[in-house]
There are 2 protein chains.
Amino acid sequence: MDLSVRNDLTCQVRDVLDRVGDKWTLNVVYQLRDGSRRFTDLKRSIEGISQRMLTVTLRNLERDGLVERTVHAVVPPRVDYELTEMGQTLLKTAWELIDWAERHAEDIAHARVRYDAIP
Amino acid sequence: MDLSVRNDLTCQVRDVLDRVGDKWTLNVVYQLRDGSRRFTDLKRSIEGISQRMLTVTLRNLERDGLVERTVHAVVPPRVDYELTEMGQTLLKTAWELIDWAERHAEDIAHARVRYDAIP
DNA sequence: CAGTATCCATCTGGATACTG
DNA sequence: CAGTATCCAGATGGATACTG
């Protein structure tokens with residue numbers, strides 16, 4: 001990537017960061033790390049997510065080509081979700097940032113304590 | 001990092017992602033890539049940012065120990081901001097994600113067109 | 001089971017005006 | 001120059017009820 005031609009983030013990149021930065025996306029992507037999962041299965045494993053937000057998050061991921069949705073014609077309904085290849089590369093990349101966050105969580109917490117102690 | 005002990009994102013990581021995913025943080029961090037910059041200088045180079053949001057964003061970064069703020073006792077006031085060492089590692093790591101976003105922006109745009117064409 | 005539909009509280013950030 | 005203060009619109013996401 002040529003940084004020299006650009007001095008702020010492009011709109012498309014902003015768009016992807018908005019997605020990745022939202023409340024549930026990375027969590028859902030992470031839950032799909034080892035293969036396909038069912039809707040209710042996902043819901044159970046992501047603490048605190050509402051049915052609505054799981055649906056919204058999965059739809060967005062599907063729309064972006066990061067997750068594939070498979071409906072099985074059975075009763076009761078069975079729907080599986082799994083990462084596409086692109087979705088897997090996102091997980092891999094985003095994980096670096098999550099890893100950074102974990103490695104620096106303590107430093108950041110300390111910095112905040114120091115900062116808040118000043119006034 | 002041991003993934004096996006955890007099946008969702010920790011609160012602290014969530015916290016960092018909220019910061020990184022907000023509207024201006026990465027842009028500000030990026031503007032500081034080559035060294036210290038002044039407030040108004042930053043404002044000019046980040047298209048669309050309001051004075052309020054630049055202040056808020058810089059304060060948050062400072063509070064987290066990612067940016068250092070230096071006030072020079074001159075008139076008119078002069079305040080410089082620069083990345084700390086930790087801030088530099090954030091830039092480096094976040095950049096991988098931005099790079100991913102750029103590399104896949106086209107694929108995602110196409111996926112959306114396909115998805116939206118279905119109904 | 002896997003959703004949709006509605007409503008509503010909260011949060012984020014933009015506009016504007018003022019200041020040491 | 002480098003902020004702070006106030007107000008407000010729109011986006012985000014949670015609760016709840018209903019359905020093929």
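Just so it is clear: chains get the letters A, B, ... in the order the sequence lines come, proteins before strands, and each one is counted from 1.
- Heavy-atom minimum distance, A111(B) versus G65(A): CB-N, 3.7 Å.
- Between the side chains of R69(B) and Y81(B), at least one donor-acceptor pair of N or O atoms lies under 3.5 Å.
- Atom CG of L58(A) and atom C1' of dC1(C) are 14 Å apart (whole Å).
- As a whole-Å value, the separation of R44(A) CZ from dC1(C) C1' is 10 Å.
- Relative to the ring axis of Y115(A), R112(A) does not place its NZ or CZ within 45° and under 6.0 Å from the centre.
- Across the protein-nucleic acid pair, I46(A) atom CD1 and dG13(D) atom P stand 14 Å apart, rounded to whole Å.
- Classification of the W95(A)-Y30(A) ring pair by plane angle, with boundaries at 30° and 60°, yields parallel.
- Nucleic acid contact class of T55(B) (heavy atoms, under 4.0 Å, all strands): base.
- At a threshold of 4.0 Å, the pair D116(A)-R63(B) counts as salt-bridged, since one of the basic side-chain nitrogens sits closer than that to a carboxylate oxygen.
- Taking atom CG of residue L54(B) and atom C1' of nucleotide dC1(D), one finds them 13 Å apart after rounding to whole Å.
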Next on the checklist: What verdict does the side-chain contact (heavy atoms from CB on, under 4.5 Å) test give for V67(A) and N60(A), after you've listed the backbone C-alpha separation in whole Å, the side-chain angles of each residue and the deciding distance to 0.1 Å?
Outcome noted: CA-CA 9 Å; V67(A) 158; N60(A) 284 334; over 6 Å; no
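- Neither OP1 nor OP2 of dC1(C) sits under 4.0 Å from any side-chain N or O of R38(A).
- T70(B) and R78(B) form no side-chain donor-acceptor contact under 3.5 Å, judged by distance and modelled atom types alone.
- If you check dC1(D), dA2(C), dG3(C) against the side chain of R59(A), the one that comes closest is dG3(C).
- For the pair R69(A) CZ and dA2(C) C1', the computed distance is 8 Å after rounding to whole Å.
- Counting to the nearest Å, the P atom of dA2(D) and the CZ atom of F39(B) are 8 Å from each other.
- For DNA chain D, if you chain together Watson-Crick or G-U pairs that step i with j, i+1 with j-1 and so on, the runs of at least three with distances under 3.5 Å are C:1-20 with D:1-20.
- Atom pair R37(B):CZ and dA2(D):P shows a separation of 12 Å (rounding to whole Å applied).
- A salt bridge links R103(B) with D99(B): the closest approach of a Lys/Arg side-chain nitrogen to an acidic carboxylate oxygen falls below 4.0 angstrom.
- Whole-Å rounding puts the R14(A) CZ to dT12(C) P distance at 14 Å.
- Among the nucleotides dG13(C), dG3(D), dA2(C), the one closest to the side chain of D22(B) is dG13(C).
- Remark: side-chain polar atoms of R19(A) are not paired, donor with acceptor, to backbone N or O of T25(A) under 3.5 angstrom.
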Please tabulate, one pair per line, each protein N/O and nucleotide N/O from nucleotides 14-20 of chain D that are separated by under 3.5 Å, including the distance.
| unit_1 | atom_1 | unit_2 | atom_2 | d |
| --- | --- | --- | --- | --- |
| dG14(D) | OP1 | K23(A) | NZ | 2.2 |
| dG14(D) | OP2 | W24(A) | NE1 | 3.1 |
| dG14(D) | N7 | R52(A) | NE | 3.4 |
| dG14(D) | O6 | R52(A) | NE | 3.0 |
| dG14(D) | O6 | R52(A) | NH2 | 3.3 |

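- OP1 or OP2 of dG3(D) has at least one side-chain nitrogen or oxygen of Y81(B) nearer than 4.0 Å.
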